[in-house]
Protein chains: 2
Amino acid sequence: MSRRNTGVSVRAVNAHACPVREVLDRVAGKWSVQILVAAARGPLRFTELERGIEGISRRMLTLTLRNLERDGLVTRTVHPTVPPKVEYELTAVAHELHETLRRLTDWAESNREYIAGARAAYDAEHRPELLDA
Amino acid sequence: MSRRNTGVSVRAVNAHACPVREVLDRVAGKWSVQILVAAARGPLRFTELERGIEGISRRMLTLTLRNLERDGLVTRTVHPTVPPKVEYELTAVAHELHETLRRLTDWAESNREYIAGARAAYDAEHRPELLDA
DNA sequence: CAGCATCCAGCGAGATACTG
DNA sequence: CAGTATCTCGCTGGATGCTG
């Protein structure tokens, strides 16, 4: 009866506590956003996604896609052919999310150097032992 | 030589791999965003933050504030009084981030029911065993 | 008041191997 | 092609107790 690691985040439960986290949990996984971004360009097959996302494992691609599908952010279309063909596509809601995320990454782009600088300064001040890594 | 759990996220290292994750890692922790939101209203003391954020532990508040400070998102001002008084305030960059995050939560608010519905439908279809939980 | 140190449970995710 | 199953490890974060 174990049912260990079904791929459903525990945070989905915590979400009741805080509407803010509710958003982020939908995007918090290591791969969710990259999948959203990759799939935003149109319907893609499983293998196309896999190749488009550097470093993702088959397992995590599957699990993350399932969760996105569960949240109504991607649609999964199975073409009953041989060999099988499955296409994933963002829903309208997910496209809105994608647009919002783009503003976030824009922010990151703009402030990446600022943050890197802040880190370096902080580490020099508070963590001198890290300087010879 | 253990140095276990210094509070510095492992994902900070992964960031090199993907600029997209780089943003989210700054916000991915369980409490970062809530702290950003709470602190956005003005300079707040440690205990005020603690009380303003439901359920946060002293440890996580400290760790998360340190990381935000390290990234140049909050300033930490120590008033050398007795008893000690420490105030945290968002930087200008963090205020921009906060504004961007607000759009994200707006999206969540708008689509919260849609997503809940999608989940319920998905679970009914694919996970009937969850219906009697 | 504002932390830091330590211990520990539980989840996220990588590696690997097997299937319709 | 498009998955699933199992094992494992390491990090995240909660609980608790101590200090300047």
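Here is how names work: the chains are called A, B, and so on, in the same order as the sequence lines, proteins then strands, and each is numbered from 1.
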Practice task
Could you check how far CD1 of A:Ile56 sits from C1' of C:dA15, rounded to whole Å?
Solution key: 15 Å
Fill in the blank from the handout: B:Thr62 meets the side chain to side chain contact (heavy atoms under 4.5 Å, CB included) criterion, sequence neighbours left out, with B:Phe46, B:Arg66
Handout entry: Comparing B:Arg51 and A:Met60 on DNA chain C - which has the more 5′ nearest nucleotide
Key = B:Arg51
Problem - Side-chain N,O (B:Tyr88) to OP1/OP2 (C:dC1) below 4.0 Å - result: no
Fill in the blank from the handout: Taken to the nearest whole Å, CZ/A:Arg58 to C1'/C:dA13 is 16 Å
Problem - Value in whole Å for how far the P atom of D:dC1 lies from CD of A:Glu50 - result: 9 Å
Practice task
Return the value, rounded to whole Å, for the distance between atom NE2 of B:His126 and atom C1' of D:dG3.
Solution key: 15 Å
Practice task
Output yes when at least one side-chain N/O atom of B:Arg76 is less than 4.0 Å from OP1 or OP2 of C:dA2, else no.
Solution key: no
Practice task
With the side chain of A:Pro84 defined as its heavy atoms from C-beta on, choose the nearest nucleotide among C:dC4, D:dG13, D:dC1.
Solution key: D:dC1
Exercise for the section: Could I get the full list of side chain to side chain contact (heavy atoms under 4.5 Å, CB included) partners for B:Leu44, not counting sequence neighbours? Expected result: B:Glu48, B:Leu49
Problem - Residue B:Arg59, side-chain heavy atoms: nucleotide from D:dA15, C:dA2, C:dG20 that is nearest - result: D:dA15
Completion exercise
Contacts of A:Ser57 meeting side chain to side chain contact (heavy atoms under 4.5 Å, CB included) (sequence neighbours excluded), chain-then-number -> A:Arg59, A:Met60
Exercise for the section: May I have the distance from B:Leu61 (atom CG) to D:dG14 (atom C1'), rounded to whole angstrom? Expected result: 14 Å
Problem - Nearest-Å distance for atom pair CG/P, residues B:Leu63 and D:dA15 - result: 15 Å
Exercise for the section: Please examine the side chains of B:Leu73 and B:Leu90, heavy atoms only from C-beta on, and report whether any two atoms are closer than 4.5 Å. Expected result: no
Practice task
Rounded to the nearest angstrom, tell me the gap between atom NZ in B:Lys30 and atom P in D:dT12.
Solution key: 14 Å
Problem - Test item: A:Thr91 side-chain N/O and A:Gly72 main-chain N/O as donor-acceptor pair under 3.5 Å - result: yes
Exercise for the section: Specify the separation, in whole Å, of atom CG of B:Asp25 and atom P of D:dC11. Expected result: 14 Å
Problem - Residues within residues 38-47 of chain A bordering DNA chain D, heavy-atom distance below 4.0 Å - result: A:Arg45, A:Phe46, A:Thr47
Practice task
Provide the full list of salt bridge (charged side-chain N to carboxylate O under 4.0 Å, His left out) pairs with a residue in residues 71-88 of chain A, sequence neighbours left out, each pair given once.
Solution key: A:Arg26-A:Asp71, A:Asp71-B:Arg119
Practice task
Sequence neighbours left out, what pairs pass ring-ring contact (aromatic ring centres under 6.0 Å, His included) with at least one residue falling in residues 79-123 of chain A?
Solution key: A:Tyr122-A:His126
